Amino acid sequence: TVRYRDGVLVWLAVLNEAGQRVRSEAFVQQPGQPDKRIKRVYYPGGALRSETELIERPASAYEGREGVGREWAESGQLTQEVVWARGREQRVRQWYLNGQLKLDQRITRSGRHEERLTQSYWDNGKPAAVNRERDGRLSGLQRYFSEAGVKRREDQHGERGELLRRKEFDERGRVTLDERFDGDPTRRS
């Protein structure tokens, strides 16, 4: 089923042979709010699989993707959410099927530089890692944790992503290894 208004697609529904909705698309206009386009994809059983809600601007004023995309497991559990602004990802979050947060990534930009802070978690809710990237390379302090939430390793990276230092810890938090690489991971001191 397809419906247009003034040459603009305002509704689309795709059905399978059994008459079940496979995907849909709607153009939504509300007074005082930006126009939106909402796209949905469904599992064969009818449950919502994904939904992307984006601000719809005229083609002549395209400023990039802005809105939210979400994905669900067939059980209905939210598994991922991506937020876009000015055509770029701003935040990505993922969840385990038990509802625990799996990943929380925040993206910031300054000019042409992009920085990502990623916090990963075990399925029990304890931290698994905290990583920082600058322009696609690991940067600064990276921390890694055991499933019990105990810090097991720290890596220090330079501006070009090179590994400068690595520390490893035992289950009590005591340093068991402290290596410096002087920018060359094959040379240890």
Side-chain angles (χ1 to χ4, degrees), residues 1-110 112-138 144-145 147:
T1 305
V2 180
R3 191 169 58 235
Y4 289 88
R5 184 182 328 120
D6 299 323
V8 175
L9 176 69
V10 294
W11 174 252
L12 169 107
V14 177
L15 309 176
N16 63 16
E17 292 130 6
Q20 297 171 315
R21 194 176 329 183
V22 174
R23 75 180 182 92
S24 67
E25 185 173 322
F27 179 66
V28 179
Q29 292 177 300
Q30 295 177 340
Q33 295 185 12
D35 296 342
K36 293 182 181 177
R37 186 159 302 274
I38 301 170
K39 297 179 182 184
R40 294 183 175 110
V41 177
Y42 300 88
Y43 284 102
L48 186 60
R49 181 180 195 151
S50 69
E51 177 182 79
T52 306
E53 184 177 314
L54 300 173
I55 292 176
E56 180 91 351
R57 294 187 175 93
S60 61
Y62 184 73
E63 298 173 27
R65 182 177 275 198
E66 191 156 335
V68 178
R70 294 182 182 92
E71 294 180 15
W72 290 268
E74 203 162 359
S75 65
Q77 169 63 46
L78 181 65
T79 58
Q80 179 168 285
E81 179 180 75
V82 180
V83 177
W84 294 279
R86 296 176 300 282
R88 307 262 185 155
E89 288 179 341
Q90 301 295 307
R91 187 170 190 187
V92 178
R93 290 189 296 172
Q94 296 175 344
W95 290 268
Y96 288 102
L97 292 178
N98 67 6
Q100 288 288 343
L101 187 62
K102 181 179 189 176
L103 177 134
D104 188 358
Q105 186 175 78
R106 295 172 190 262
I107 302 108
T108 56
R109 287 174 185 78
S110 176
R112 61 186 181 103
H113 298 289
E114 175 182 281
E115 294 187 17
R116 289 179 184 254
L117 172 62
T118 305
Q119 295 174 288
S120 304
Y121 300 90
W122 296 99
D123 63 357
N124 63 9
K126 302 278 185 182
V130 177
N131 300 107
R132 296 178 189 282
E133 294 177 41
R134 182 169 168 91
D135 300 327
R137 295 179 180 151
L138 291 174
Y144 302 91
F145 302 88
E147 209 165 336

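Not measured: the values here are computed from a predicted model.
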query: Taking it one step at a time, do R106 and E115 satisfy side-chain contact (heavy atoms from CB on, under 4.5 Å)?
result: CA-CA 8 Å; R106 295 172 190 262; E115 294 187 17; over 6 Å; no
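- Taken from CG in L54 to CZ in R65, the straight-line distance is 5.0 Å, to the nearest 0.5 Å.
- Applying the 6.0 Å contact sphere to CZ of R109 captures more than 12 heavy atoms from other residues, nucleotides or ligands.
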Set out, in order, the CA-CA distance, both residues' side-chain angles and the distance that settles side-chain contact (heavy atoms from CB on, under 4.5 Å) for E81 and W95, then state yes or no.
CA-CA 9 Å; E81 179 180 75; W95 290 268; 3.9 Å; yes
Exercise. Starting from the C-alpha separation in whole Å, work towards a yes-or-no answer on side-chain contact (heavy atoms from CB on, under 4.5 Å) for R88 and I107.
Key: CA-CA 9 Å; R88 307 262 185 155; I107 302 108; over 6 Å; no
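- For the pair E56 and F27, the minimum side-chain heavy-atom distance is below 4.5 Å.
- If you take CZ on R91 and CG on L117, they are separated by 10.0 Å, rounding to the nearest 0.5 Å.
- Pairing each heavy atom of N131 with each of Y144, the nearest pair is ND2-OH, 3.1 Å.
- When atom types are taken as modelled, the side chain of Y42 and the backbone of Q20 share no donor-acceptor pair closer than 3.5 angstrom.
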For R116 and E89, what are the C-alpha separation, side-chain angles and deciding distance, and is it a side-chain contact (heavy atoms from CB on, under 4.5 Å)?
CA-CA 10 Å; R116 289 179 184 254; E89 288 179 341; 3.4 Å; yes
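- With hydrogens and angles disregarded, a donor-acceptor distance shorter than 3.5 Å links the side chain of T79 to the backbone of E71.
- Not one N or O on the side chain of D123 forms a donor-acceptor pair closer than 3.5 Å with the backbone of N98.
- Between the CH2 atom in W11 and the CD1 atom in I38 there is a gap of 9.5 Å [rounded to 0.5 Å].
- Taking both residues in full, the closest heavy atoms of F145 and W122 are given as O-NE1, 3.3 Å, listed atom of the first, atom of the second, then distance.
- Considering only heavy atoms from C-beta on, R134 comes within 4.5 Å of H113 through its side chain.
- Nearest heavy-atom pair, L97 versus Q77, reported as atom, atom and distance to 0.1 Å: O-CG, 3.8 Å.
- The distance from the OG1 atom of T52 to the CD atom of E25 is 10.0 Å, given to the nearest 0.5 Å.
- The side-chain hydrogen bond (donor to acceptor under 3.5 Å, both in side chains) test with E53 singles out one residue from K36, R40, R37, and that residue is K36.
- Considering only heavy atoms from C-beta on, R93 stays 4.5 Å or farther from V83 through its side chain.
- Put simply, CZ on R49 and OH on Y43 are 5.0 Å apart, with the number rounded to the nearest 0.5 Å.
- Partner of Q94 under the side chain to side chain contact (heavy atoms under 4.5 Å, CB included) criterion, chosen from L78, L103, D104: L103.
- Atom CD of residue Q100 and atom NZ of residue K126 lie 10.5 Å apart, to the nearest 0.5 angstrom.
- The side-chain heavy atoms of E51 and W72, taken from C-beta on, include a pair separated by under 4.5 Å.
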